[in-house]
Amino acid sequence: MSPGKLAVLVIGTDTLIEALPARPIQLAHACGELGYDLAIPLSWGDELVAEAALRSLESRGPAPAVFCSCPIVRERLLQAGNDLAGVMVSFVSSPIAVARHLRSTLGSRLRTLSFVGRCPSATMPEYDLAFDPEEFFAMLRTRGVEILQQSDVFLDLVPPDRRRFISLPGGC
């Protein structure tokens, strides 16, 4: 690895759930075994989107609003016509928001940015690589990394903040 260059993996909520009974800390350590320097929870993107949504809603007044940050949902809502277009408050998906945030804050220190989860919007140019959970867990097994055998405390690492302040799991 290049000195100072970071390999970062954003972990989708679906992947955290599929890794159970392993704890998120154990999954983060397993990511380290694969060569990732940072394992970031997708909840960071949820927080960014929720904060943007609240700012947008403050300026709308009491008018109805339909929140949408998933391109698939947006497309389906507008398939029957543009009736909802005027009340739709659209944002990028959480994976895109966190990828843009990480690329902006890490800049030249970022070597690679990857995603593990099923969100179809987690693609290039925001992410260099994307894995679905089964593919990622198979890669761990192939390399002999047992998630449940990983430490359940952070050792020699400063863990990324995983608290939520604005968003709720799975929604705004």
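Partners of L34 by side chain to side chain contact (heavy atoms under 4.5 Å, CB included), not counting sequence neighbours, listed by chain and number: Y36, F136, M139, L140, R143. The side chain to side chain contact (heavy atoms under 4.5 Å, CB included) test applied to E135 returns F131, D132, not counting sequence neighbours. Every residue meeting the side-chain hydrogen bond (donor to acceptor under 3.5 Å, both in side chains) condition with R103, not counting sequence neighbours, appears here in chain and number order: D128. With sequence neighbours excluded, the residues that form a side chain to side chain contact (heavy atoms under 4.5 Å, CB included) with E146 are Q149.
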Inset, instruction - Please lay out, stage by stage, how F137 and I147 fare under the test side-chain contact (heavy atoms from CB on, under 4.5 Å). - result: CA-CA 9 Å; F137 295 136; I147 301 173; 3.8 Å; yes
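If you take CG on L38 and CG on L102, they are separated by 8.0 Å, rounding to the nearest 0.5 Å.
Smallest separation of non-hydrogen atoms from P21 and L148: C-CD2, 4.0 Å.
No donor-acceptor pair closer than 3.5 Å links the side chain of S56 to the backbone N or O of A52.
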Could you tabulate the donor-acceptor pairs under 3.5 Å formed by side-chain atoms of residues 67-86, not counting sequence neighbours?
| from | atom 1 | to | atom 2 | distance (Å) |
| --- | --- | --- | --- | --- |
| R74 | NE | S90 | OG | 3.1 |
| R74 | NH2 | F91 | O | 2.8 |

Without placing hydrogens or testing angles, list every side-chain donor-acceptor pair under 3.5 Å for residues 115-127, not counting sequence neighbours.
| from | atom 1 | to | atom 2 | distance (Å) |
| --- | --- | --- | --- | --- |
| R118 | NH1 | E18 | OE2 | 2.4 |
| R118 | NH2 | E18 | OE1 | 3.4 |
| R118 | NH2 | E18 | OE2 | 2.9 |
| R118 | NH2 | E134 | OE1 | 3.1 |
| R118 | NH2 | E134 | OE2 | 2.5 |
| S121 | OG | S93 | OG | 2.5 |
| E126 | OE2 | R100 | NE | 3.1 |
| E126 | OE2 | R100 | NH2 | 3.2 |
| Y127 | OH | P95 | O | 2.7 |

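V92 belongs to a hydrophobic cluster whose remaining members, ordered by chain and number, are I96; membership requires side-chain heavy atoms of ILVMFWY residues under 4.5 Å apart, directly or through intermediates.
Applying the salt bridge (Lys or Arg N to Asp or Glu O under 4.0 Å) definition to pairs two or more places apart or across chains, those involving residues 20-31 are R23-D152.
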